[in-house]
Amino acid sequence: MADGAQVNDVISTEVLGEIALICIDNPPVNATGLAVREGLSQAFADLNATAEVKVIALYCAGRTFTAGADIREFGKPPRQPSLPDVLNQIEQSAIPVVSVIHGTALGGGFEIALATHARVAIKGAKVGLPEVLLGLLPGAGGTQRLPRLTGLSFALDVILSGRQVPVAEALDKGAVDRLVEGAPRDVALAAAQQVIDGTLATRRTDLIEAEYDRAVLDATLAGVRQKTPHLFSPIKCVEAVAACNLPITEGLKVERQAFLDCMETPQRAGLIHAFFGERAVSNIAEAKGPTRDIAKIGVIGGGTMGSGIATSCLIAGIPVRLIEVASEGLQRGIATITKNLDGAVSRGKLSSDKRDAAMAMLEPSLQMESLSDVDLVIEAVFEQMDVKKEIFGKLDTICKPGAILASNTSYLDVDEIAASTSRPGDVLGLHFFSPAHVMRLLEIVQGKQTAADVLATGFALAKRLKKVGVLAQVCDGFIGNRILAHYGLCAAYLVLDGASPQQVDRALEDFGFAMGPHKVGDLAGLDIGWMTRKRKAETRDPAQRYAGDIADRICENGWFGRKTGQGYYLYDSGYDSGAPVPNPEVAEIIDAVRADKGITPQDFTDDDIVDRYMTAMIVEAARVVEDGTAKRPVDVDMVFLFGYGFPRFRGGPLHYADTIGAAALVARIEAYAAEDAHYWQVPDILRKMAADGSTFADLNKEG
Ligand code: COA
């Protein structure tokens, strides 16, 4: 072999006397797609047949070691050589192989390293097996080799959490052998020389006997069943690891079968849709292009929302000027921000140094005029158009030219707000979700006149705040709250017509929602919905059956949920109580309302409840796509995953809709319409999809 050879487009080798280097160069993240597997297999075969080579060092070009399998290949027919076969070939190489890890060695990437005979990591790198987060398990020996190197407990933790492990911890546990500084190729050369000199030991992982403890495995399995009762792949992960006491060829067979079982599941498809969806939402023209610099942000309003937004900006290292009208409100805002930051420290999300630095960047003020030097203002006062217009009118006179003026409104008309300024091009909606420093969704609402660089700055801000920015057009409620308003009615009809709030909650929690809608209502405050119903009373469509009687009566009693100690459930000690107990008096209210309205309660099964609720959500979600409020179905899906506690493994409402199919959905809606033809109407887009057999996934591809 020549000194330097390009094996194929992505693999190259260099032979430098007794040392051979193999480099993977497959941007952006060196995923182990077909060309990488073919090239590696070829390179190892060639180098093993090269007489002078005494050691092989494997490293990657670019920003990272390999980030694992090419996720885009999943679900397609497998192409040979498979990664497990290539890794067996590497492990059995007669010539010792050392791998050099930089960036993130994830999934199949880390598995490559585990199959080599020594691992040298460059400081700052991370390793991990994140397959479980995609509904899979490590399918190229990770479940067999990691426990052999580190013992069961650490291996189970890494495989079941999918977390990225700092290399210092990996070194401590035996998953890597040495931690160094330097550039990958230099480190590879040095490590190879150390193998030759005998100062870096090599050994075959498959020949190590795994520490085995049935009790640890049993306890882990029980824990998984309890913690993630809906998920399939964590169970399969434990089953595969449990085979690490077998000869590796047998263990690998168990792992392969478990991997294939996971690959077949809708959960795998849902989680991979979520992985790409999270990235797709900002992969649009509107998110790209020139942006404006944001060095300082003004937040108007020190309530829960404004304080949460300020907290989020401060954590991201952006100075915030917080405005309130009265000093009491300002003090409350400062106290809330302090509490939020302290909470982040106690959850291990923030160091105390960073908390102190964040607090030092907060400038509270009672003067709106002090916003004259900020680059972006986010208004987060209560939802009243007059108030917002007045504030924006003032901002127009105070803020410097080019400053961006954003409203955190959750449903009001951003164009009307913009019209109260002389610079509507600088105005957009930035709709955060409560608690704003925790929830990752940010709806970026485009007004008719919002300038392109203002919109792109919204996306850049989302990224700085580590949020998922989703583009939405103006309408009542934008993407999320508009859909919520529709399926919220369905939940209310279900209770009116025969289900109990607890049954609805339980059915939806069993489906995978973190909390049923009544528990969410109690948490958010039932007065919010009450105010909305009152606000909309005058414009309510008389043809639409009213669904608010039960909730209205609950609110009339002053029961607003957790903050008042009772709502649909009873809360012993306010916010911090444990599992809530159904409120018996709510059951009485329900009976009374049904009697007043002459409703004979029906029996709903849990499946009926889920089907109706999900169909209602899909109906409005389809309309939101149809009228362009959301750009594509995937945008709706991400809104629900990141803002509404939708079960990630189901991918989002419209990904889920595809698993049912448009024709079946149309049939369902038509059947429900026999009871209520006004509420249950088939959206045109769904009817068309049923007719031509197309899917929401097709629309994502087109979009
Ligand atoms: N297969 C295919 N494409 C991948 C990929 C993979 N394993 N990992 C990342 N990509 C793509 C992303 O989709 C993105 O593409 P885009 O630019 O077209 O949107 C690009 O690589 C960069 O990824 P991104 O996540 O935006 O970069 P990052 O620097 O923030 O993070 C990683 C890098 C590697 C940490 C992150 O991409 C990641 O966690 N990848 C998945 C790793 C994994 O789960 N591996 C196991 C697979 S079984």
Side-chain angles (χ1 to χ4, degrees), residues 10 24-37 60-76 78-79 82-84 86-87 101-114 124-143 146 158-167 233-234 236-237 240 255-256 258-263 265 267-285 287-288 440 459-460 462-470 632 634-635 638 648-649 700-701 703:
V10 292
I24 304 175
D25 187 1
N26 184 27
V29 294
N30 291 313
T32 59
L34 179 64
V36 168
R37 302 195 303 271
C60 287
R63 65 203 242 211
T64 179
F65 195 76
T66 130
D70 187 335
I71 302 172
R72 286 167 301 215
E73 286 183 357
F74 290 167
K76 297 183 185 158
R79 312 250 321 252
S82 71
L83 190 60
V86 176
L87 298 202
I101 296 169
H102 79 289
T104 39
L106 299 179
F110 187 33
E111 289 175 300
I112 293 179
L114 295 173
K126 292 187 173 157
V127 298
L129 295 170
E131 288 85 348
V132 74
L133 306 176
L134 300 174
L136 290 166
L137 54 100
T143 65
L146 189 59
V158 171
I159 291 167
L160 287 170
S161 68
R163 73 188 170 99
Q164 295 186 8
V165 182
V167 275
S233 74
K236 288 283 159 182
C237 286
E255 179 192 82
R256 177 94 318 230
F259 181 82
L260 293 175
D261 292 346
C262 289
M263 192 60 104
T265 61
Q267 295 192 352
R268 190 272 306 159
L271 288 165
I272 287 181
H273 177 68
F275 176 86
F276 284 117
E278 183 175 344
R279 288 154 179 81
V281 286
S282 57
N283 215 349
I284 53 174
K288 297 176 179 162
R440 291 195 58 216
F459 280 93
K463 204 166 183 185
R464 274 172 89 184
L465 302 184
K466 296 199 167 60
K467 300 212 179 287
V468 179
V470 179
R632 302 154 301 183
V634 67
D635 297 279
M638 295 310 113
R648 188 176 168 94
F649 67 88
N700 283 330
K701 282 185 212 131

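First listed ligand is number 1; within each ligand, the first listed atom is number 1.
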Fill in: Exceeds 12 heavy-atom contacts within 6.0 angstrom, atom NZ of K463
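It does not: K463 NZ has 12 such atoms or fewer within range.
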Fill in: R79 atom CZ, over 12 foreign heavy atoms within 6.0 Å
no
Worksheet item: With side chains defined as the heavy atoms from C-beta onward, is the minimum distance between R63 and P28 less than 4.5 Å?
Response: yes
Heteroatom distance test ([X], ligand 1): nitrogen or oxygen, under 3.5 angstrom:
X    : answer
A67  : yes
P130 : no
E131 : no

Of all the non-hydrogen atoms in the protein, which one sits nearest to [atom], and at what distance?
atom                    : result
atom 40 (N) of ligand 1 : F275 CZ, 3.6 Å
atom 24 (P) of ligand 1 : R279 NE, 3.8 Å
atom 21 (O) of ligand 1 : P28 CG, 3.3 Å
atom 19 (O) of ligand 1 : N283 ND2, 3.9 Å
atom 7 (N) of ligand 1  : A69 O, 2.8 Å

Worksheet item: Is a donor on one side and an acceptor on the other found under 3.5 Å between the side chain of H102 and the backbone of G62?
Response: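 Side chain of H102 to backbone of G62, a donor-acceptor pair under 3.5 Å: yes, one is there.
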Item to complete: Determine, considering heavy atoms only, which of V29, L271, N26 sits nearest to atom 10 (N) of ligand 1.
Response: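 Residue with the shortest heavy-atom distance to the ligand atom: V29.
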Fill in: Heavy-atom proximity to atom 39 (O) of ligand 1, best of V132, T66, L106, I272
L106
Determine, using heavy atoms of [X] and all atoms of ligand 1, whether some pair is separated by less than 4.0 Å.
X    : answer
D70  : yes
L134 : yes
R63  : yes

Worksheet item: Atoms of ligand 1 less than 4.0 Å from F74 heavy atoms?
Response: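 Those qualifying, in numeric order: 48 (S).
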